[in-house]
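Lettering follows sequence order; numbering is per chain, from 1.
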Amino acid sequence: MKKSKRIILEIIKSKGSANLADIESEVDRLKFEEPFVFEAFTGCSIGDALDDMVAEGLLEKDIPKWGIPIYRVKSR
Amino acid sequence: MNIKKIREDFPALERERNGRRPIYFDNACVTLKPRQVIMAMDEYYENFPACGGKGRSAHWFSQEVKEAAEKARRAVKEFINAKSSDEIIWTKNTTESINIIANCFELNRGDAVLTTDKEHNSNLVPWIELESRRGVVHKIVESNNDNTFNMERFEEMMGEDVKLVSMVHTSNLDGYTNPAREIIKIAHDYGAKVMLDGAQSVPHKEVDVQKLDVDFLGFSIHKMAGPSGVGVLYGKKDELKKLGRYTVGGDTVKDTFYDRAVFESPPYLFEAGLQNYAGQIGAGAAVEYLSKIGMGNISKHEETLNKFITEGLLEHEEIDIIGPDDPSKRSGIISFRMVKDDGTSLISPGDIARLLDRNLNIMIRSGDHCVHSWFNARGIGVSGSARASLYIYNTKEEGEVFLSGIDRLIKSLN
């Protein structure tokens with residue numbers, strides 16, 4: 001699994017559930033603290049990565065009509 | 001200014017998806033095209049799709065291409081009030097215009113280039129490159145807290161080492177227009193030349209290169225009702241003559257031998273190879289179209305709309321607008337974030353853009369708007385911002401729909 005996806009999984013796990021803003025804010029916070037986060041997310045679209053992870057069965061996505069999509073780690 | 005009539009010129013606005021018309025608020029990226037521009041380009045492809053330019057074919061079609069392309073160059077010259085058509089160089093876009101200056105303006109090791117802290121990557125990366133390759137010093141003038149230009153700081157940073165000031169005219173980040181005339185006057189007092197990135201100013205307000213006394217100006221036609229793939233580099237005639245060569249080959253020479261070439265003068269020296277004739281002709285039609293509406297009318301219309309949208313947005317305490325509070329200082333651009341009390345994003349700009357698009361056909365931009373450096377310096381490089389950017393065909397009714405969308409987004413969180 002790509003480093004960026006592993007970090008996203010960790011962020012969502014630690015929060016229970018997260019929307020895109022939660023994940024971006026956390027990556028923004030970590031980006032300049034942890035060089036590996038900087039490297040993993042440079043040029044990476046988190047939105048696209050989340051879509052991939054939903055398609056790969058790693059995440060569940062709730063899409064309310066006007067609400068913000070919420071992501072949870074899929075239980076196995 | 002009759003907006004209803006203007007809207008009829010833009011076929012893309014007649015489209016529908018899910019029973020709704022499009023609301024196009026991504027004009028800082030690319031504007032829609034009126035029929036007049038599309039028809040001018042079609043005319044090239046239908047009637048005289050041949051080569052033009054100096055020293056190429058002399059036949060019927062070729063002569064028509066040459067006449068139409070030179071007419072377009074004259075139209076652009078009039079549009080920015082250049083002294084001569086020879087001061088108008090066709091490029092691909094603003095990025096290429098700036099790269100020509102970065103590569104051809106004489107800068108030696110230790111010479112300094114001054115930019116602001118709000119430059120588009122187009123006016124940042126060339127200088128980073130020059131710093132690492134040629135030892136040119138890149139200095140950055142930090143903006144005031146409200147993102148306006150800090151004239152005192154600029155004056156402090158000016159010195160004999162500064163050979164070129166290369167600055168954004170109107171920022172694509174927040175719509176703020178730098179006080180170019182004053183900046184240029186000070187730069188000239190120190191013997192420096194000035195390159196303005198006019199990508200967001202020329203399409204939206206009257207830009208008179210003689211009044212500004214600017215040395216170089218770059219802009220993109222795709223942001224001003226014209227085709228993509230065409231840009232302009234304006235330069236004072238004497239300054240263009242001093243530039244080194246850029247891409248060379250066909251059309252940049254008067255004559256060649258096996259061991260040497262006799263080069264053309266500007267503008268042709270910088271227009272290598274077969275040109276984008278349809279694009280140039282479309283550019284001429286675009287500036288004629290805008291001139292008929294009147295640049296003063298366009299900027300006034302955008303300012304009125306920006307004021308209406310800004311007031312609606314600021315009814316929500318979650319909205320943080322980037323740049324000065326006063327919408328009249330932000331052209332047609334509203335760059336904003338939805339934030340929590342701690343300043344982190346409440347709703348991702350990406351989600352704002354996607355939901356407005358999906359539910360209301362409102363097209364805005366989200367991300368770093370090619371000004372990554374500004375966002376990274378503030379620790380929000382991953383989040384970025386949402387940006388609505390307006391143009392001549394946008395209406396107050398569209399602004400109302402946009403505000404209703406923002407309202408529903410915020411309510412959906414509760």
Side-chain angles (χ1 to χ4, degrees), chain A residues 2-55 58-73, chain B residues 18 20 121 125 318-320 336-362 364-370 372-386 401-414:
Chain A
K2 271 187 176 176
K3 268 187 203 167
S4 54
K5 289 184 181 174
R6 208 174 303 147
I7 296 165
I8 290 171
L9 267 184
E10 287 304 315
I11 292 170
I12 299 174
K13 255 188 212 166
S14 71
K15 292 178 182 292
S17 65
N19 64 27
L20 180 57
D22 297 330
I23 299 162
E24 286 174 342
S25 297
E26 189 61 8
V27 174
D28 262 328
R29 192 180 68 77
L30 294 171
K31 197 173 167 185
F32 293 102
E33 287 176 12
E34 307 283 356
F36 71 94
V37 175
F38 182 88
E39 195 184 303
F41 284 93
T42 298
C44 164
S45 158
I46 296 178
D48 290 349
L50 285 167
D51 286 344
D52 280 357
M53 291 165 79
V54 171
L58 296 167
L59 297 177
E60 284 174 348
K61 180 184 184 182
D62 286 342
I63 319 173
K65 162 85 176 152
W66 261 98
I68 309 306
I70 303 284
Y71 300 88
R72 289 185 185 83
V73 177
Chain B
N18 303 326
R20 283 182 176 276
N121 288 334
V125 182
E318 297 89 350
I319 299 285
D320 179 27
F336 64 99
R337 304 177 71 233
M338 281 193 199
V339 291
K340 299 177 194 163
D341 291 342
D342 65 0
T344 57
S345 275
L346 180 65
I347 305 177
S348 162
D351 276 340
I352 298 172
R354 266 187 292 276
L355 287 165
L356 289 175
D357 177 48
R358 192 187 306 149
N359 295 318
L360 295 170
N361 288 349
I362 300 172
I364 64 165
R365 173 88 173 255
S366 64
D368 289 349
H369 321 299
C370 294
H372 298 75
S373 49
W374 188 91
F375 287 96
N376 277 326
R378 284 151 187 83
I380 49 172
V382 176
S383 314
S385 77
V401 177
F402 171 76
L403 290 172
S404 77
I406 296 294
D407 196 42
R408 287 184 75 169
L409 266 177
I410 290 173
K411 279 184 182 150
S412 75
L413 289 175
N414 303 321

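Between chain A and the options B:L355, B:T344, B:I352, B:N359, the largest number of non-hydrogen pairs under 4.5 Å is found for B:N359. With respect to chain B, the highest number of heavy-atom pairs below 4.5 Å among A:L20, A:I23, A:D22 belongs to A:L20.
Looking at A:L30, neither its backbone nor its side chain comes within 4.5 Å of chain B, counting heavy atoms on both sides. With a 4.5 Å cut-off on non-hydrogen atoms, B:K411 does not touch chain A at all. Only the backbone of B:L346 comes within less than 4.5 Å of a heavy atom of chain A; no side-chain atom from C-beta onward does.
With values rounded to the nearest 0.5 angstrom, B:E318 atom CD is found 8.0 Å from B:I347 atom CD1. Atom CG of residue B:D351 and atom CZ of residue B:R358 lie 8.5 Å apart, to the nearest 0.5 angstrom.
Scanning all heavy atoms of the two residues, the minimum distance from A:D28 to B:G381 falls at OD1-N, 3.0 Å. Closest non-hydrogen pair, B:S345 versus B:K340, comes out as O-CE, 3.5 Å. Here the shortest heavy-atom pairing between B:R337 and B:G384 reads NE-O, 3.2 Å. A pairwise comparison of heavy atoms in B:N121 and B:H372 identifies ND2-ND1, 3.1 Å as the closest pair. Taking each heavy atom of A:G16 and A:R72 in turn, the nearest pair found is O-CG, 3.9 Å. Shortest non-hydrogen contact noted between B:P349 and B:S383 is CG-O, 3.4 Å.
A heavy-atom distance below 4.5 Å is not found between the side chains of A:V73 and A:L58.
Atom NZ of A:K13 sits in a sparse spot, with 12 or fewer heavy atoms from other residues, nucleotides or ligands closer than 6.0 Å.
Within residues 38-53 of chain A, the residues approaching chain B closer than 4.5 Å by heavy atoms are, in numerical order, A:I46. Within residues 402-410 of chain B, the residues having any heavy atom closer than 4.5 Å to a heavy atom of chain A are B:G405, B:R408, B:L409, listed by residue number.
Judged purely by atom type and a 3.5 angstrom limit, B:N361 uses its side chain to pair as donor or acceptor with the backbone of B:R20. Proximity of a side-chain donor or acceptor of B:S412 to a complementary backbone N or O of A:W66 within less than 3.5 Å is detected.
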